[in-house]
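Remarks on the structure that follows.
Count residues from 1 along the sequence. Counting starts at 1 for both ligands and their atoms, in listed order.
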Amino acid sequence: MKSLKQFNTFNLDVKCKELLFLATEDDYARFQKISTNKILIGGGSDILLTEDYHGIVGITQNKGIEIDENSSHYIVTALAGTRWHELVTTMVNKGIGGSENLALIPGTCGAAPVQNIGAYGLEFNQLCDHINVIDKEGNNISISNEQCDFGYRTSNFKTKWKNNYIITSVSLKLSKSWQPLLDYAPLFSLKNKKNLTPKEVYDEVIRARKNKLPDPAVLGNAGSFFKNPIVSAEFFNKLFKQYPNIPFYKQDNERYKIPAGWLIDQCGLKGFCIGDAKVYEKQALVIVNKGQATPLDIVNLAKYIISSVKVKFEIDLEPEIRIYGSNGEISLGQL
Ligand code: EPU
């Protein structure tokens with residue numbers, strides 16, 4: 001058995017039967033042909049491995065960025081194993097704007113479309129042109145943005161295409177007439193700044209993230225553990241009467257997104273521990289591994305959080321991260 005400790009940002013010492021490093025298109029094609037249980041891991045920053053995996057794990061390691069342009073846009077293609085933050089940094093250092101609000105998000109470019117990563121008012125799908133994949137028959141095909149059916153922290157790669165495709169690279173389309181996105185509170189201070197550059201927004205995003213989110217290299221974690229729940233206007237209005245200070249984001253469809261971090265915080269759970277798993281003090285949406293947490297500590301803490309929020313607010317929290325058992329992806333309820 002091979003340890004996956006350095007391939008999941010919770011730093012859990014879970015093992016798998018076989019570990020393969022995928023560095024070339026051929027490696028990806030061979031991996032796609034494997035018919036036994038298998039999972040592909042990028043940065044390992046959005047997963048919880050709950051027990052030893054009875055299958056093969058592929059680690060994406062093909063790295064590289066290519067920039068093309070036409071009169072109005074840059075078309076940027078990044079190989080799946082490229083770190084997302086490295087892509088954003090490369091763009092910003094070349095003066096190419098558009099991706100800076102997504103600075104410092106852990107993980108790889110190949111994983112970005114799966115859960116449609118997002119932060120500070122921007123989501124991956126707003127940048128995506130197309131995704132290059134290998135299908136089950138071994139063909140290299142290109143999938144358009146529209147086909148992916150992107151939503152809040154979801155896409156067809158996470159749902160109906162699960163296990164169908166292996167993403168080999170992603171192509172972004174970044175406009176040459178850059179407009180900063182500053183609608184999110186930590187970026188308000190930049191609103192009146194003259195001649196603002198993508199680099200200045202990038203620096204501010206990094207500052208805001210470092211203030212609130214733990215560095216996985218120091219304290220094991222997988223970012224937001226839960227999704228922000230989206231509720232009906234009727235439900236929200238009731239809640240608002242009781243909690244006039246509740247933060248919210250109004251959605252296009254008359255629904256309201258409520259920060260799960262705030263709900264957990266209101267339950268008084270910041271700093272709460274089960275074993276070595278802890279609700280992070282600066283951002284209650286993040287569960288951290290204090291050092292020796294077992295998968296069960298994290299599972300039990302997640303369940304405790306879900307039931308506390310349910311009792312206090314009548315809201316069901318859903319994990320944002322993907323959870324794996326010995327034979328593949330599972331739900332928290334199965335544990
Ligand atoms: N809040 C609290 N207590 C907390 C945490 C948050 O009161 O413990 C309040 C904050 O004061 C704020 C609101 O809740 O009013 C929202 O908090 P924050 O700005 O930290 O953002 P979030 O909604 O909790 C989302 C994403 C993050 C992303 C940030 C910034 C999800 C699940 N999470 O968090 O994404 O970085 O917005 O845009 O949508 C991730 O996906 O792993 C991730 C970190």
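Aromatic ring pairs are classed by plane angle as parallel below 30°, tilted from 30° to 60° and perpendicular above 60°; the pair Phe236 and Tyr256 is parallel.
A search for side-chain hydrogen bond (donor to acceptor under 3.5 Å, both in side chains) contacts involving Gln266 returns nothing, not counting sequence neighbours.
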What short N/O contacts, under 3.5 Å, does ligand 1 make with the protein, listed by atom pair and distance?
residue, atom, partner, partner atom, Å
ligand 1, 3 (N), Asp265, OD2, 2.8
ligand 1, 8 (O), Ala284, N, 2.8
ligand 1, 19 (O), Tyr184, OH, 2.6
ligand 1, 19 (O), Lys212, NZ, 3.3
ligand 1, 20 (O), Lys212, NZ, 2.9
ligand 1, 20 (O), Gln283, NE2, 2.8
ligand 1, 21 (O), Tyr184, OH, 3.2
ligand 1, 23 (O), Asn228, ND2, 2.9
ligand 1, 24 (O), Gln283, NE2, 3.0
ligand 1, 33 (N), Ser224, OG, 3.0
ligand 1, 35 (O), Arg153, NH2, 3.0
ligand 1, 36 (O), Arg209, NH1, 3.3
ligand 1, 38 (O), Tyr120, N, 2.7
ligand 1, 39 (O), Tyr152, OH, 2.7
ligand 1, 39 (O), Arg153, NH2, 3.3
ligand 1, 41 (O), Arg153, NE, 3.3
ligand 1, 41 (O), Arg153, NH2, 2.8
ligand 1, 41 (O), Glu320, OE2, 2.6
ligand 1, 42 (O), Ser224, N, 2.9
ligand 1, 42 (O), Ser224, OG, 3.4

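Although no hydrogens or angles enter the test, the distance criterion places a donor-acceptor pair under 3.5 Å between the side chain of Thr89 and the main chain of His85. The closest donor-acceptor contact from the side chain of Gln334 to the backbone of Ser331 lies under 3.5 Å.
Taking the charged nitrogens against the carboxylate oxygens, Asp252 and Lys250 have no contact shorter than 4.0 Å, which rules out a salt bridge. Salt bridge Lys310/Asp316: present, at least one basic N to carboxylate O contact under 4.0 Å.
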